[in-house]
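Below is one structure, written out as structure tokens; comments come after it.
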Amino acid sequence: MPVSSYDPAAIEAKWQKIWEESHAFEASDDHSKPKFYGLIEFPYPSGQGLHVGHPRSNTAMDIIARKRRMEGYNVLFPIGWDAFGLPTENYAIKNKVHPADVTKANIDHFRSQLKMIGFSFDYSREVNTTDPNYVKWTQWIFLQLYKHGLAYKAEMPINWCPSCKCGLANEEVVGGVCERCGTPVIRRVKTQWMLRITAYAQKLLDGLDHVDFIDRVKVQQRNWIGRSTGAEIDFCLNDSDEKFTVYTTRPDTLFGATYMVLSPEHPLIDRMKDRITNYDACMAYREEAARKSDFERSELNKEKTGVPVEGLYAVNPINGKHIPIWLSDYVLMSYGTGAIMAVPAHDTRDWEFAKKYSLPIIEVVAGGDVEKEAYTDIQEGVLVNSDFLNGLHVAEAKKAIIARLTEMGVGHEKVNYKLRDWVFSRQRYWGEPIPIIHCDQCGMVPVPEADLPVVLPKVSNYEPSDSGESPLASMDDWVNVSCPCCGKPARRETDTMPQWAGSSWYFLRYCDPHNSSAFAGKEALDYWMPVDWYNGGMEHTTLHLLYSRFWHLFLHDIGCVSAPEPYKKRTSHGMILGENGEKMSKSRGNVINPDDVIREIGADAFRLYEMFMGAFDQAIPWSTNGAKGCRKFLDRVWRLQDIVTEEKGFSSALNGLMNETIKKVSEDYEKMKYNTAIAAMMTLVNEIYGRGQVTRGELEALLLILSPVAPHICEEIWQNLGHKEPIHHQAWPAWDEEALKHQEVEIAIQISGKVRGRIMIPADLTKDDTERILALEDVQKLINGRQVVKVVFVPGRLLNVVVK
RNA sequence: GCCGGAGUGGCGGAAUGGCAGACGCGGCGGAUUCAAAAUCCGUUGGUAGCGAUAUCUUGCGGGUUCAAGUCCCACCUCCGGCACCA
């Protein structure tokens, strides 16, 4: 009698309830078993609910987590909420509710949506970054950073978003506009909390050599850190004891320096005010530059501008030549020393500037035509017009000049990084308060550990002010405290931390989420860390991923965690685009809602489609028909119950394909080639229908390898087959290498490289048997009497006969 | 401009230098049905041919090789990141 039709809604609800009640996927505290820690980026619980992008990453890791459990690992696959953030705060302002209430409602919604997709998360270890028990440890880590001199307050120009009324980190400014709202970012001088991530630039770079991250991620982080090796060289001013330092990556071209450029803000201008005969013009240029936003200043194809500094010359330390000095905003105060030596013959920017202002161009590396363009090749060039460097290659010349400058005491080798310190304060309400107290007498005093967490006060108005002060600043009751040091009246810091704070260490908390005496216990950390496999979005490469590596490296240095790097392996998923191939967004009207998809085809088919739709690491447009096709496949799997026999093992006819499929699926999952793994299972099912029946053993093996992708239906059929134990308690199936060997194989016969026929031959023939195959009647027929020039036999593949 | 990634049927995509187009979607034809949906069977890169078959085909142009989607050189387009970083 045929089984009833496949009803995903009923099956899925049933198994989700069973899993929940049996605590099926909670990590065990038994630390004697081998562990596997799989991680996905914990979601920001937005009001919009789950996006179809979330399940792509989640399902991919869920498959790995489920497979690992079947392989006998103690698996930690946790979930939590990155719940601080502006959208929640803005929603709260607009609707006059407390952000904490909005957050709770959103989390509840997210959790129920995730449960409907059947992810095997360990919900008993949920973390929530806004929970005071969590905030306490975020603040604690901040204080460790502060105590080690890695958190400091500085007055500096920052990126200010006039719409969010908030300062932004460099990493949050994209193309000159606010990453979040798209408003052009302006520069504003403010006192800000900073984290000295630059102190870890080299460690962040070195650590990449020891982790298994996809290359794209490593390359992007390396570029962002931007290490360069060069030299700092001191230039004196004529008739003065004053000097200034430049940074250059091409010290070898020192003889070709024909002018100097200072950044408009360079302090030398102020110091030399009396000697500069056009001081007013210099000041005017400085003001003009300051008015420009970062965006204008870096706009594409911008014509370079500048003014000469009159009355002063720099003296080239290597040959005593006097060199004119210019101001130009193509030199940035924030990188290197804010001053450069310009070598127009061998630097494109200097060349453009020299041409515009008719400055001399001296060739010092032969190989190009410096009248036409700057010659920047560092491989081929040989030094000329450079005294003792003449005849040396660039690399040799660099060494020689640095040695000479060092000897003379006017220069030395120097490494620079593009990475900047991390602007760590935000002038908003819904974030972790920075646990510092300002005392007139004692200065900045950390909140004592016993007083953590510093919790957010209840306020009636979360609205930030245009003055750039946090809403907390107007909360007198909260702000005014007594100094923990001297007891005199003092004031709390009113800035809060950025959203990146909580997400910089959440993976540590998962190891021991209920610990009240430490952010996590040593034993739990030693057992679970590092994260074995972390999948997430490319957009976090230079933000969350870099920040959290920094925090972890620091915690390692102060002895809080054992492993230096937090993540052993990092992979990344592609974006899901709308059906029209454009980015999904409300305004484009092409958003696919996961709830609707599940209602129509079920969670298993939804998961299956998300994994089948294309290469995992590439952007893919959604296809409603494609999703339906996946449902059709599950219908076919379901109906296999109608044609199943009682035979236990594999039938001889299907033995080879069964083993091949188990092998392919097992290996493809590990490589995240989910689409081809699923294709292989579809092929198997097609083959089974072609034969009209399936043995119990074959069906069971299919269910085992399909269950990580489509767990509910596999549990159900597994139970229908009479099993008492759930499928997720079964061992992952092995394959039999012997069964993969065929008796006979079909090979292609090529005549001069073109396929002209196919024949079956014994599979074990080797190159030594070439003559035998050549002699076969079918082959001779194709050769048709022509002269054989060459024969290539590739066992198992083809025979290529080259004829005249 | 620099650094990554990618260009393959109508579409999403397969393919350790070894039979291009697996698998799915869509299309076409048929079965079932009063009819439709669902399901099942067949077929499906282009061109020529009733056909066996021939021929062309992996962004463009060269090259290496018995053999190139895959390797090398040069170029074009798209996506992502960085961008006056000295």
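Letters go in sequence order (proteins before strands), and every chain restarts at 1. Computed over heavy atoms, backbone and side chain alike; hydrogens, waters and symmetry mates excluded. Bear in mind that the values here come from a model prediction, so they are computed numbers and not experimental data.
Here the options are A:Y357, A:F235, A:W351, A:F353, the test is ring-ring contact (aromatic ring centres under 6.0 Å, His included), and the partner is A:Y259; only A:F353 passes.
Base engagement by A:V794 is indicated by at least one non-hydrogen atom pair under 4.0 Å involving a base atom. Using a 4.0 Å heavy-atom distance criterion, A:G226 is classed as making no nucleic acid contact. Heavy atoms of A:S334 sit nowhere under 4.0 angstrom from any nucleic acid atom. Using a 4.0 Å heavy-atom distance criterion, A:E539 is classed as making no nucleic acid contact. Using a 4.0 Å heavy-atom distance criterion, A:V792 is classed as a base contact. Note on A:R631: nothing from the nucleic acid sits closer than 4.0 angstrom, heavy atoms only.
Between A:E771 and A:D769, the closest side-chain pair of non-hydrogen atoms is not below 4.5 Å. Contact of the A:E610 side chain with the A:I576 side chain is registered, since non-hydrogen atoms from C-beta on lie closer than 4.5 Å.
In terms of position on RNA chain B, the residue among A:S623 and A:G796 whose nearest nucleotide sits closer to the 5' end is A:G796. Comparing A:E746 and A:R216, the nucleotide of RNA chain B nearest to each residue sits closer to the 5' end for A:R216.
In this structure, A:L577 places its CG atom 14 Å from C1' of B:A6, rounding to the nearest Å.
The local environment of CD in A:E380 is sparse, with at most 12 non-hydrogen atoms from other residues, nucleotides or ligands closer than 6.0 Å.
Taking side-chain N and O atoms only, A:N686 has a distance below 4.0 Å to OP1 or OP2 of B:G24. A:K754 has a side-chain polar atom (N or O) that falls below the 4.0 Å cut-off from OP1 or OP2 of B:C56.
Look at B:A6: its Watson-Crick or wobble partner, with both distances under 3.5 angstrom, is B:U77.
Look at B:G29: its glycosidic torsion is beyond 90° from 0, and that puts it in the anti range.
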Report summary line: Scoring nucleotides 8-15 of chain B by protein non-hydrogen atoms under 4.0 Å (B base, S sugar-phosphate only, - none) yields ----BSSS
Below 3.5 Å is the cut-off: list the nitrogen or oxygen pairs between protein and nucleotides 35-42 of chain B, distance only.
from  : atom 1 : to     : atom 2 : distance (Å)
B:U39 : O3'    : A:R639 : NH2    : 3.2
B:C40 : OP1    : A:R636 : NH1    : 2.8
B:C40 : OP1    : A:R639 : NH2    : 3.1

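For B:C25, its base never sits under 3.5 Å from the side chain of A:N625 at any donor and acceptor pair.
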